[in-house]
Amino acid sequence: MPKYTAPRGTQDVLPEDQPYWRYVVERAHHIAQLYGFQQITVPMFESTGLYVRGVGEGTDIVDKEMYSFQDKGGTDITLRPEFTAGIVRSYIEHGMHTLPKPVKVYAIGPIFRYERPQAGRYRQHTQFNIEAFGESDPALDAEIMEVARHLYADLGFKGLSFQINSTGCPKCRPQYVKLLAEYYRQHEDEICEDCERRLTRNPLRVLDCKNKGCQPIIAGAPHIVEHLCDECAAHFEQLQTHLDTLGRVFTINHRLVRGLDYYSKTVFEVWAKGIGAQAAVCGGGRYDGLAELVGGSHTPGIGFGSGIERIILAMKAQNIEVPLLPKPEVLIATLGPASKQVGVKLLSDLRSADIGTVLAFGERSLKSQMREAGRQQVRFAIILGEDEIKNGQVTIRDMASRNQETVPMNSLGNWLKTRL
Ligand code: HAM
């Protein structure tokens with residue numbers, strides 16, 4: 001028989017890790033709602049063309065990482081490698097431009113990228129993703145960054161680093177790209193093969209190269225923020241003023257260009273310590289040209305995506321604890337077949353009364369059933385012996401104090417409710 005394992009780059013979230021997931025997702029919903037974002041759910045797959053146009057040919061995502069296939073009807077489909085393009089598609093399709101602006105939505109769900117797996121980098125990961133449409137005010141850029149900051153502060157993170165940059169706009173970026181390419185041409189013999197390719201396919205990405213030999217070249221490269229048009233420069237300036245007013249610490253990172261083509265003006269990332277090379281817990285930015293690119297009217301937009309797996313890795317690295325999930329606190333122990341019958345009925349009644357309860361299955365001694373109660377860490381064990389059944393009573397054992405008490409069967413629900 002073949003031995004099946006989870007596909008490379010995917011992971012099972014086992015019950016012991018679910019408290020982290022439940023807590024982070026619950027806080028993400030809460031913070032999104034606090035800032036006026038409404039939840040949207042979009043399909044996990046879209047037409048391949050949406051990502052090719054939206055995210056951009058020449059990006060790693062489109063060139064190397066998409067799970068694309070033809071469905072049985074011959075349609076080209078791609079499992080979503082990110083949320084933004086799908087949400088923009090939905091915004092256009094449902095005429096959301098008629099809603100009061102900015103239109104603020106958020107989504108949570110799985111994302112698929114055929115990447116080289118390593119710690120914090122998976123082929124299926126989960127994003128908390130927010131988007132705001134129809135407003136180009138830099139105060140909104142600051143607000144989007146505030147959602148991320150607030151969420152991580154709420155979760156108890158320390159030592160986060162906010163990195164920001166501007167990628168300009170179609171007016172000023174081409175001139176900068178030309179300048180960058182000229183600079184790189186002077187260093188043609190010193191750069192890696194990947195950067196040579198990037199220079200033709202996706203020049204801004206040379207700034208992102210991790211190759212050791214390219215680092216001195218990157219360090220000497222011109223900075224885009226020094227070549228922005230007046231509008232982009234003023235936008236970037238105002239964003240910084242807002243962040244300063246809020247007392248937020250940030251770093252202008254001249255190398256931050258992000259891996260998706262749709263960005264214009266603001267881009268940002270949030271880095272966490274202690275989770276290795278894949279330190280970005282959040283990445284986002286403005287994409288004022290994306291809606292037009294995928295068939296809508298001109299609609300400025302800004303948002304971010306934050307990987308929940310990385311958030312949880314960082315929480316664990318920082319020893320942040322989360323509340324445990326509720327579980328049954330009552331176990332019913334029975335002694336003999338007649339008692340088991342009463343037990344099965346009582347089990348059903350207690351659950352109907354919303355009291356989480358389990359039954360000790362099988363024919364077992366009372367001692368063994370009490371051990372089971374200990375293993376399951378319930379607060380109370382209910383013992384149904386022959387005498388108890390005859391008298392319409394149950395014996396309740398408090399598992400912590402070992403005290404026992406006899407209670408009439410018909411008042412058991414209330415007795416438990418006042419104590420649990
Ligand atoms: P992204 O930077 O590609 O941006 O992904 C956002 C976040 O998702 C990353 O910062 C990281 O936390 C997480 N992430 C990405 N890839 C992986 C992976 N392979 N394994 C684990 N976690 C990962 C976007 O996807 C943009 N759509 C964000 C955005 C929204 N920009 C504007 N609006």
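Read the numbers this way: they start at 1 and go in the same order the structure lists the ligands and their atoms.
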*Asks:* Heavy atoms, side chains only, cut-off 4.5 Å: are His235 and Thr266 in contact?
*Replies:* yes
*Asks:* Cation-pi between Lys316 and Tyr20: NZ/CZ under 6.0 Å from ring centre and within 45° of the ring axis?
*Replies:* yes
*Asks:* Side chains of Tyr51 and Ser68: do they bring a donor and an acceptor to under 3.5 Å?
*Replies:* no
*Asks:* Which is closest to atom 30 (C) of ligand 1 by heavy-atom distance: Leu313, Thr59, Thr84?
*Replies:*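 Among Leu313, Thr59, Thr84, the closest heavy atom to atom 30 (C) of ligand 1 comes from Thr84.
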*Asks:* N/O of Ala280 under 3.5 Å from N/O of ligand 1, yes or no?
*Replies:*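 There is such a contact, yes.
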*Asks:* Give the residue, atom name and distance (to 0.1 Å) of the protein heavy atom nearest atom 14 (N) of ligand 1.
*Replies:* His125 NE2, 3.3 Å
*Asks:* Determine the sole option in Val267, Leu239, Leu140, Thr167 for which the side-chain contact (heavy atoms from CB on, under 4.5 Å) test with Arg286 is passed.
*Replies:*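 Testing each of Val267, Leu239, Leu140, Thr167 against Arg286, the sole residue satisfying side-chain contact (heavy atoms from CB on, under 4.5 Å) is Leu140.
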*Asks:* Please verify whether a non-hydrogen atom of Arg258 lies at under 4.0 Å from ligand 1.
*Replies:*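 In this structure, Arg258 qualifies as a contact of ligand 1 - some heavy atom is under 4.0 Å.
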*Asks:* Look only at interatomic distance and state if Tyr262 has a nitrogen or oxygen under 3.5 Å from any nitrogen or oxygen of ligand 1.
*Replies:*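 Yes, since at least one N or O of Tyr262 sits under 3.5 Å from an N or O of ligand 1.
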*Asks:* Examine distances only and state if a side-chain atom of Glu46 and a backbone atom of Thr78 form a donor-acceptor pair shorter than 3.5 Å.
*Replies:*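 Side chain of Glu46 to backbone of Thr78: no pair is present.
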*Asks:* What's the separation between atom CD1 in Ile61 and atom OH in Tyr114, rounded to the nearest 0.5 Å?
*Replies:* 16.0 Å
*Asks:* Atoms of ligand 1 less than 4.0 Å from Arg121 heavy atoms?
*Replies:*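 Checking each atom against Arg121, I get 19 (N), 20 (N).
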*Asks:* Can you tell me which portion of Phe304 lies within the under-4.0 Å heavy-atom range of ligand 1? Options are side chain, backbone, both, or neither.
*Replies:*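 Backbone only.
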*Asks:* Hey, could you give me the CZ/CZ distance between Arg121 and Arg113, rounded to the nearest 0.5 Å?
*Replies:* 10.5 Å
*Asks:* Would Leu260 count as a polar contact of ligand 1, with the cut-off being nitrogen or oxygen pairs under 3.5 Å?
*Replies:* no
*Asks:* Under 4.0 Å from a heavy atom of Gly283: give me the atoms of ligand 1 that qualify, with their elements.
*Replies:* 10 (O), 28 (C), 29 (C)
*Asks:* To which protein heavy atom is atom 25 (O) of ligand 1 closest, and what is the distance rounded to 0.1 Å?
*Replies:* Arg113 NH2, 3.0 Å
*Asks:* I need the atoms of ligand 1 closer than 4.0 Å to a non-hydrogen atom of Asn129, numbered in the order shown.
*Replies:* 30 (C)
*Asks:* For Gly284, counting its heavy atoms only, list the atoms of ligand 1 lying under 4.0 Å from any of them.
*Replies:*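 Counting atoms of ligand 1 from 1, those under 4.0 Å from Gly284 are 31 (N).
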*Asks:* Quick one: look up the protein heavy atom nearest atom 8 (O) of ligand 1 and list residue, atom name and how far away it is.
*Replies:*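 Of every protein heavy atom, Gln127 NE2, 3.3 Å lies nearest to atom 8 (O) of ligand 1.
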*Asks:* Quick one: does Val281 get an N or O within less than 3.5 Å of an N or O on ligand 1?
*Replies:*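 Yes; at least one N/O pair falls below 3.5 Å.
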*Asks:* Among all protein heavy atoms, pick out the one at the shortest distance from atom 19 (N) of ligand 1; state its residue, atom name and that distance to 0.1 Å.
*Replies:* Glu115 OE2, 2.5 Å
*Asks:* Please report which non-hydrogen protein atom sits nearest to atom 31 (N) of ligand 1, along with the residue it belongs to and the distance in Å to one decimal place.
*Replies:*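 Looking only at protein heavy atoms, the one closest to atom 31 (N) of ligand 1 is Tyr263 OH, 2.6 Å.
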*Asks:* With side-chain hydrogen bond (donor to acceptor under 3.5 Å, both in side chains) as the criterion, how do Thr84 and Glu131 come out once you've worked through the C-alpha distance, each side chain's angles and the decisive distance to 0.1 Å?
*Replies:* CA-CA 7 Å; Thr84 314; Glu131 310 290 354; 2.9 Å; yes
*Asks:* Strictly under 4.0 Å, does any heavy atom of Cys282 approach an atom of ligand 1?
*Replies:* yes
*Asks:* Look at the side chain of Lys101 and the backbone N and O of Ala132, then say whether any donor-acceptor pair between them is shorter than 3.5 Å.
*Replies:*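 No, the answer is negative, given that no donor and acceptor are paired below the 3.5 Å cut-off.
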*Asks:* Kindly compute the distance separating CZ (Phe162) from CD1 (Ile252), expressed to the nearest 0.5 Å.
*Replies:*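 Taking CZ in Phe162 and CD1 in Ile252, the distance rounds to 15.0 Å.
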*Asks:* Under 3.5 Å, is there a donor-acceptor pair between the side chain of Arg27 and the main chain of Asp154?
*Replies:* no
*Asks:* If you measure from CZ on Arg310 to CD on Gln127, what distance do you get to the nearest 0.5 Å?
*Replies:*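 Nearest 0.5 Å value for the CZ-CD distance: 9.5 Å.
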*Asks:* What protein heavy atom lies closest to atom 7 (C) of ligand 1? Include the residue and the distance to one decimal.
*Replies:* Gly305 O, 3.3 Å
*Asks:* Which ligand 1 atoms does Glu131 reach within 4.0 Å, using its non-hydrogen atoms?
*Replies:* 30 (C), 32 (C), 33 (N)
*Asks:* Looking only at distances, please establish whether an N/O atom of ligand 1 is found under 3.5 Å from an N/O atom of Ser306.
*Replies:* no
*Asks:* Only heavy atoms of Glu82, strictly under 4.0 Å: list the atoms of ligand 1 that pass.
*Replies:* 25 (O), 26 (C), 27 (N)
*Asks:* To which protein heavy atom is atom 21 (C) of ligand 1 closest, and what is the distance rounded to 0.1 Å?
*Replies:* Gly120 O, 3.2 Å
*Asks:* If we only consider heavy atoms of Glu309, is any one of them less than 4.0 Å away from an atom in ligand 1?
*Replies:* no
*Asks:* In terms of side-chain heavy atoms, does Gln186 have a donor or acceptor partner in Glu182 at a distance below 3.5 Å?
*Replies:* no
*Asks:* Counting non-hydrogen protein atoms only, what is the nearest one to atom 32 (C) of ligand 1? Give residue, atom name and distance.
*Replies:*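 Heavy-atom neighbour on the protein nearest atom 32 (C) of ligand 1: Gly303 O, 3.2 Å.
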*Asks:* Verify, without hydrogens or angle tests, whether Asp12 (side chain) and Leu14 (backbone) share a donor-acceptor contact under 3.5 angstrom.
*Replies:*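 No, because the side chain of Asp12 does not come within donor-acceptor range (under 3.5 Å) of the backbone of Leu14.
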